[in-house]
Number of protein chains: 2
Amino acid sequence: MPPKDFVSALEVAQRAGVSRSAVSRTFTPGASVSAETRKKVTDAAEALGYHVNELARGLMRNESGIVCLVVSDVATPYRSALLRELTSKLQNVGKVAMLINTDRSDGSVDRALSQAIRYRADASIILSGLPDASIVRLCLKNGQRLVLINRDDEEPGPLKINLDDFEAGERIVTAFARAGCRSLAFANSEAGTPSLMGREHGFVAAARKLGLEVSVERYGWTGYEAGRVLAQRLLTRTQRPDAVFCATDLLACGFMDTARHQFGIGVPQQLCLAGFDDIEQASWSSYGLTTFAQPVAEIASKAVEWLSTSEAADNILQHSVRLTAELIWRTSIRAG
Amino acid sequence: MPPKDFVSALEVAQRAGVSRSAVSRTFTPGASVSAETRKKVTDAAEALGYHVNELARGLMRNESGIVCLVVSDVATPYRSALLRELTSKLQNVGKVAMLINTDRSDGSVDRALSQAIRYRADASIILSGLPDASIVRLCLKNGQRLVLINRDDEEPGPLKINLDDFEAGERIVTAFARAGCRSLAFANSEAGTPSLMGREHGFVAAARKLGLEVSVERYGWTGYEAGRVLAQRLLTRTQRPDAVFCATDLLACGFMDTARHQFGIGVPQQLCLAGFDDIEQASWSSYGLTTFAQPVAEIASKAVEWLSTSEAADNILQHSVRLTAELIWRTSIRAG
DNA sequence: AACAATATTGCAAGCGCTTGCAAAATGGGA
DNA sequence: TCCCATTTTGCAAGCGCTTGCAATATTGTT
């Protein structure tokens with residue numbers, strides 16, 4: 001491999017005519033160094049092109065500054081938006097993000113976490129999948145913080161950030177009912193994650209309570225293509241629904257496109273549609289999708305805030321936060 | 001901070017009744033250890049929950065296994081797709097991605113690279129922005145590989161991966177001409193990056209050569225909103241273009257939506273449109289955008305391939321690769 | 001059975017850094 | 001001017017790992 005030859009603190013010390021400790025202290029916020037020494041050191045460092053070796057520092061301090069982001073489907077609008085917020089906020093508090101892609105086979109979340117341990121990450125944030133309980137314990141035992149976003153695990157220890165999925169499902173039923181819809185459907189993927197199922201359950205429960213007809217259709221992965229297939233299935237039924245709630249915006253886009261372009265169904269005139277996530281495309285004028293906004297910025301804030309809180313305050317802090325998804329009105333549901 | 005207490009190789013060694021070196025070698029591929037010792041070690045490691053400390057290993061080996069990805073606008077479809085490919089391919093060769101978000105102020109690319117140096121990254125891949133020449137030299141001097149994607153820098157040393165932007169601009173003119181378009185326009189952002197400008201120049205040059213009318217309009221950042229504004233400007237001209245090439249797909253989507261929904265212009269009947277990137281949305285049936293596909297998978301392959309090649313072969317290898325963007329025909333250009 | 005060739009092992013040094021401790025320098029009263 | 005309280009400084013130990021070297025164990029050959 002490359003012939004790395006980085007300049008070390010020793011070399012800086014020699015050039016500056018001070019001890020290596022002085023160099024170290026100069027680059028340690030809050031350490032005691034006279035202005036004069038500091039100047040000598042920074043000058044020498046500048047001249048030599050010195051950069052603290054965070055590997056060595058992490059080794060000593062037992063704190064690498066690394067936070068692992070465990071994620072699949074990175075290229076998806078919602079995921080990448082969350083990623084943007086997280087990386088940016090992490091950088092603001094002086095941490096750096098290590099991105100682990102779990103698109104591949106099963107058990108990849110566990111592999112990711114073991115990677116996090118090997119790099120002595122200060123924390124891991126899990127956006128996709130669910131780690132095995134044993135590895136969670138291992139992380140926690142090693143003092144590694146864990147946050148689960150929309151994961152809904154029961155294991156105590158990690159910070160769990162969730163949305164009010166069930167309530168969102170309920171709320172949208174009200175909106176559909178107000179628009180005069182009588183026959184509802186929920187278009188879901190087969191992923192079966194708690195957040196998806198929460199939306200479904202809330203939706204179905206509320207519809208039943210109002211005495212509206214309601215059915216559920218599930219297919220594939222949570223993307224545009226699945227939305228097309230689901231539309232295919234739901235819109236060819238003898239009794240076609242007049243309102244469908246799609247588990248995600250991506251699904252909703254596929255659904256809407258198929259309804260309009262393939263079946264010639266007017267949205268929202270003949271069919272009301274709603275989604276979840278509020279991805280950028282939902283606001284594009286081809287869609288104007290009424291949807292629930294995931295508060296990505298707030299999610300990210302909560303996560304990094306928790307990571308940077310001291311161990312002492314840890315017990316006081318609640319380990320579970322529930323945020324509410326705001327309903328964004330656009331034009332895919334008729335006015336009441 | 002957390003009371004980390006990871007188990008060390010020493011503890012494993014003691015439990016296994018071998019030397020610490022044996023433990024180290026067990027976890028070093030290709031090292032000499034008998035099957036018997038290896039078993040004792042792995043058992044002990046398993047029982048204790050031992051994980052190699054990559055920080056310490058990186059310190060010794062002078063090779064951290066970290067590759068920095070320097071990127072802005074992570075949440076954009078094209079960028080996140082590239083990210084997906086890169087992270088996944090890096091993991092395949094045993095590297096791990098450190099993601100640095102440069103959305104913020106100026107000079108952030110330089111800050112990112114200095115971060116990369118501090119973590120002794122084996123390499124950095126730059127997807128956005130352009131680093132200062134001095135810091136590039138610093139990276140190279142320290143044996144850190146550098147790859148620039150669509151950056152077009154002149155500095156020797158880094159691997160430069162580029163597309164045939166100019167030729168793409170030319171090719172699309174031919175397509176427009178064949179569709180009977182006579183008055184062309186290029187819708188660009190004000191970013192002015194070489195790849196964007198390449199497309200523009202190729203387009204303008206080819207149009208002139210064919211004696212077609214051609215104009216250029218530039219506005220804002222390379223996103224959906226800019227596309228709307230550009231449409232606003234171009235479509236209210238007294239002599240409205242009948243074909244426009246948008247610098248990116250995101251722009252094109254905004255442009256198309258505005259043309260259709262706000263101006264009631266038929267695409268492709270009254271207006272032919274093309275984009276660049278082939279983001280997922282381009283294939284959605286609301287758009288059916290004819291566009292040039294960035295070979296993201298191939299770009300990622302070339303990048304990580306180069307990173308894992310030996311220093312010796314380095315000189316032989318070319319430091320610049322040019323890939324071609326494939327024209328994907330959909331329905332936003334009339335049939336010839 | 002004896003020996004050379006090969007494989008495995010442990011020792012110890014060292015990667016670049018931080019930090020407790022004690023010595024040296026500095027400053028402020030009296 | 002001298003003494004004590006306060007910074008500032010350097011020393012040296014140690015973080016968890018790898019690896020060259022020499023010693024020991026294993027194997028194959030005749």
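So that the names make sense, note that chain A is the first sequence line, chain B the second, and so on, each numbered from 1.
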Checklist entry - Which nucleotide in the list D:dT18, C:dC17, C:dT18 gets nearest to the side chain of B:Thr28? => result D:dT18
Next on the checklist: In this structure, how many angstroms lie between the P atom of C:dC15 and the CD atom of B:Glu63, rounded?
Outcome noted: 18 Å
Checklist outcome for this item: note: B:Phe6, atom CZ; D:dC17, atom P; distance rounded to Å ~ 11 Å
Checklist outcome for this item: Checking C:dC17, C:dG10, D:dT9 against the side chain of A:Thr37 (C-beta onward), the nearest is D:dT9
Checklist entry - Salt bridge between B:Glu11 and B:Arg15, side-chain N to carboxylate O under 4.0 Å? => result no
Checklist entry - Hey, does B:Ser32 reach any base, or is it just sugar-phosphate, or nothing, if we go heavy atoms under 4.0 Å? => result base
Item to check | Full working for salt bridge (charged side-chain N to carboxylate O under 4.0 Å, His left out) between A:Asp122 and A:Arg145 | outcome: CA-CA 7 Å; A:Asp122 297 339; A:Arg145 303 260 175 128; over 6 Å; no
Next on the checklist: Whole angstroms only, please: what is the CG-C1' distance between A:Leu59 and C:dC17?
Outcome noted: 8 Å
Item to check | Atom-to-atom span, CZ of A:Arg57 to P of C:dG16 - whole angstrom | outcome: 15 Å
Item to check | Gap between atoms CG and P, on B:Leu10 and D:dG16 respectively (whole Å) | outcome: 9 Å
Next on the checklist: Under 4.0 Å, counting only non-hydrogen atoms across every strand here, what does B:Ser8 touch: a base, just sugar-phosphate, or nothing?
Outcome noted: sugar-phosphate
Item to check | Side-chain-base donor-acceptor pair under 3.5 Å for B:Ser21 and C:dC11 | outcome: yes
Checklist entry - Is the distance between the ring centroids of A:Phe27 and A:Tyr50 under 6.0 Å? => result yes
Next on the checklist: Is it the case that the side chains of A:Ser88 and A:Arg84 hold a donor-acceptor pair, with the cut-off being a distance below 3.5 Å and no angle test?
Outcome noted: no
Item to check | Interatomic distance, B:Glu36 CD vs D:dT27 C1' [rounded to whole Å] | outcome: 15 Å
Checklist entry - Between the side chains of A:Thr102 and A:Ser108, does any donor sit under 3.5 Å from an acceptor? => result no
Checklist entry - If you check the A:Ala22 side chain, which of C:dG16, D:dG10, D:dC17 turns out closest? => result D:dG10
Checklist entry - Which nucleotide sits closest to the side chain of A:Ser34: C:dT9, D:dT9, C:dC17? => result D:dT9
Checklist entry - Can you tell me how far C1' of C:dT19 sits from CZ of A:Arg25, to the nearest Å? => result 7 Å
Checklist entry - Do the side-chain N or O atoms of B:Ser24 get closer than 4.0 angstrom to the phosphate oxygens (OP1, OP2) of D:dC17? => result no
Item to check | Exercise: do B:Arg25 and B:Thr37 side chains pair donor with acceptor under 3.5 Å | outcome: no
Next on the checklist: Let's test your reading of the model: under 3.5 Å, does the base of D:dG16 pair with the side chain of A:Arg120 as donor and acceptor?
Outcome noted: no
Checklist entry - How many Å lie between CG on B:Asn62 and P on D:dC17, as a whole number? => result 17 Å
Checklist entry - How would you label the contact of B:Tyr50 with the nucleic acid (heavy atoms, under 4.0 Å): base, sugar-phosphate, or nothing? => result sugar-phosphate
Checklist entry - Looking at the side chain of A:Arg61, which of C:dT19, C:dC17, D:dC17 is the nearest nucleotide? => result C:dT19
Next on the checklist: Under 4.0 Å, heavy atoms only, any strand: does A:Val33 hit a base, just the sugar-phosphate, or nothing?
Outcome noted: sugar-phosphate
Next on the checklist: Quick check on DNA chain D: between A:Arg38 and A:Arg20, whose nearest nucleotide comes earlier from the 5' end?
Outcome noted: A:Arg38
